[in-house]
2 protein chains.
Amino acid sequence: MSNELKNYTDNSAAQMRKGTLELSVLLVISDDEVYASDIITKLKAYDLLVVEGTLYPILSRLKDAELVTYTWVESKDGPPRKYYKLTPRGKEALGQMKETWSNINKSINQLIKNV
Amino acid sequence: MSNELKNYTDNSAAQMRKGTLELSVLLVISDDEVYASDIITKLKAYDLLVVEGTLYPILSRLKDAELVTYTWVESKDGPPRKYYKLTPRGKEALGQMKETWSNINKSINQLIKNV
DNA sequence: ACCTAGTACTATATAATGCAAGGTACTATG
DNA sequence: CATAGTACCTTGCATTATATAGTACTAGGT
């Protein structure tokens, strides 16, 4: 595949991943109290790459929207960490997003099958 | 659900849909030669809403990247239409994007299952 | 005591892009 | 010839992922 085409499809892949970013982050937080590096590590295990510069703004938005809260926890390895967990609102939002994901999923898969 | 939360999840839904836009458009074009209004109508049937202001720039990008070509076709209902079809490059890109979609799909669904 | 490395959070600047809104131009009809 | 319907295009705005740089804390070596 030509480099130009690869760039195009890479960008398209990035767009697809973007769409699922917040859902992914909320899913990880819903599983366990985690701090930023945990989230990056866990998502990497699912091939859903996220970098610091992307994650921190997302966490801020989620915090502002009161979908998550955090508690500071001291660390002996460096500065204190913010451990995040879902609020009730966050759980409600996550449920909604999962349903949205399921619907889009259904639509695209039908489209793929039918064409 | 509060309005504020609804706005947030609506926005998140829009993000998810965005990620699949180009894939959706290419899928529709791969099925049949179509012009813009056809694409909008067909995607609407799958609950994948696209509007003119979104679609035309996408079609321009796809054309510039030589993933699609078009031929002008006269219409007795108004101005001539651009009927789009995939190029070989376009078919290659589509194959790649379908695979990307499948991978992300797998990742998210695993994540949903495991948490 | 100081410096370096590693870790964690924050802030800023940039680029991409979905979308609303408004514009141009073609055909057919009254 | 004016209006309605259709089709394509452009401009401006807002959102947001990402790169980059910065601050601050701990631990360990010299």
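Model, not experiment: these values are computed from the prediction. Order of the sequence lines fixes the chain letters, A, B, ..., with proteins taken first and strands second; residue numbering starts at 1 for each chain.
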From CA spacing to verdict: salt bridge (Lys or Arg N to Asp or Glu O under 4.0 Å), B/R61, B/E22: CA-CA 10 Å; B/R61 283 205 300 279; B/E22 288 204 348; 3.1 Å; yes
Side-chain donor-acceptor pair under 3.5 Å between B/N109 and B/N105, yes or no? yes
Could you state the CG-C1' distance from A/L62 to C/dT10, rounded to the nearest angstrom? 16 Å
For a 4.5 angstrom cut-off between non-hydrogen side-chain atoms, does B/K42 reach B/D31? yes
Heavy-atom contacts under 4.0 Å between residues 36-44 of chain A and DNA chain C, which residues? A/A36, A/S37
Using OP1 and OP2 only, check whether a side-chain N or O of B/Q15 sits under 4.0 Å from D/dT16. yes
Using whole Å, report how far CD of B/E22 lies from P of C/dA16. 13 Å
Interatomic distance where CG belongs to B/D77 and C1' belongs to C/dT29 [whole Å]: 13 Å
Quick one: which of C/dG18, D/dA17, C/dT7 gets closest to the side chain of A/P79? C/dT7
Can any side-chain N or O of B/S107 pair as donor or acceptor with the backbone N or O of A/D47 at less than 3.5 Å? no
Within residues 45-60 of chain A, which residues have any heavy atom lying less than 4.0 Å from an atom of DNA chain D? A/V51, A/G53, A/T54, A/P57, A/I58
Are B/Y83 and B/Y35 close enough, and set up right, to give a ring pair (Phe, Tyr, Trp, His ring centres under 6.0 Å), and what steps lead you there? CA-CA 5 Å; B/Y83 276 83; B/Y35 73 106; 5.3 Å; yes
Going by atom types alone, do B/Y8 and A/Q96 pair a side-chain donor with an acceptor below 3.5 Å? no
Below the 4.0 Å mark, does C/dT10 have OP1 or OP2 next to a side-chain nitrogen or oxygen of A/K82? yes
Does A/N11 put a side-chain nitrogen or oxygen below 4.0 Å from OP1 or OP2 of C/dT17? yes
Does A/S75 or A/K18 map to a spot on DNA chain D nearer the 5' end, using the closest nucleotide for each? A/K18
Atom CZ of B/R81 to atom P of D/dT6: distance rounded to whole Å? 10 Å
Rounded to the nearest 0.5 Å, what separation is found between the OG atom of A/S30 and the CG atom of A/L67? 12.0 Å
Run B/L43 and B/V25 through side-chain contact (heavy atoms from CB on, under 4.5 Å) and show every step you take. CA-CA 8 Å; B/L43 289 180; B/V25 170; 4.3 Å; yes
Starting from P on C/dA16, measure out to CG on A/N7 and report it in whole angstrom. 12 Å
Treating A/R89 as the side-chain partner and A/A65 as the backbone partner, does any N or O pair qualify as donor plus acceptor under 3.5 Å? yes
Can you name the one residue among B/L59, B/L62, B/T69, B/T71 that meets side chain to side chain contact (heavy atoms under 4.5 Å, CB included) with B/Y84? B/L59
With nearest nucleotide decided by heavy atoms, which residue, A/P80 or A/R17, maps closer to the 5′ end of DNA chain D? A/R17
What integer distance in Å separates A/E74:CD from D/dA24:C1'? 13 Å
Which is true for A/R61 with a 4.0 Å heavy-atom rule: it touches a base, it touches only sugar-phosphate, or it touches nothing? sugar-phosphate
Rounded to the Å, how far apart are A/Y35 OH and C/dT7 C1'? 8 Å
Spacing of B/M16 atom CE relative to D/dA17 atom P, expressed in whole Å: 12 Å
